[in-house]
Amino acid sequence: MSEENVEYRVAHLRDRLAAEELGELGVRAEVRADAVVVTGTVPSAQCRETVLRTVREELAGLAVHTDVVVAENATPDGAEELP
């Protein structure tokens with residue numbers, strides 16, 4: 001598959017992520033060497049699954065590495081100590 005085609009597909013993925021309900025998320029997709037790397041932090045496990053499903057749909061057949069994590073939204077269990 002040509003590098004130009006890979007770049008086009010990654011650009012289409014970015015457009016989809018920006019246009020859908022995931023638009024406010026800080027998810028990035030970049031071509032590195034022979035793979036596409038998708039990184040970012042999302043607010044919930046459901047958002048993560050939606051991102052990963054969208055990535056699979058758009059980049060089927062390509063080597064993809066994902067590092068999309070769920071933000072820790074737990075309430076603190078005590079006061080924060082400042083130095």
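All figures in this text were calculated on a predicted structure; none of them were measured in a lab.
For the side-chain contact (heavy atoms from CB on, under 4.5 Å) test, residues two or more places apart in sequence or in another chain that qualify with Ala35 are Ala63, His65. Asp67 is linked by a side-chain contact (heavy atoms from CB on, under 4.5 Å) to Thr39, Val69, counting only residues two or more places apart in sequence or in another chain.
Screening Val10, Leu59, Leu52 for a side-chain contact (heavy atoms from CB on, under 4.5 Å) involving Val64 leaves a single residue, Leu59. The only member of Val55, Val38, Thr41 that meets side-chain contact (heavy atoms from CB on, under 4.5 Å) when paired with Val68 is Val38.
With hydrogens and angles ignored, the 3.5 Å screen pairs a side-chain donor or acceptor of Arg14 with a backbone N or O of Ala29.
Taking 4.0 Å as the cut-off between side-chain N and carboxylate O, Glu58 and Arg9 do not count as a salt-bridged pair.
Remark: Leu62 CG to Arg56 CZ distance equals 14.0 Å, nearest 0.5 Å. Note that NE2 of His12 is 10.5 Å distant from CG of Leu17, once rounded to the nearest 0.5 Å.
Tracing side-chain contacts under 4.5 Å through hydrophobic residues (I, L, V, M, F, W, Y), one reaches Leu13 starting from Val31; they form part of the same cluster.
The two residues Val42 and Cys47 have their closest heavy-atom pair at CB-CB, 3.9 Å.
Within a 6.0 Å radius of CD in Glu57, other residues, nucleotides and ligands contribute more than 12 heavy atoms.
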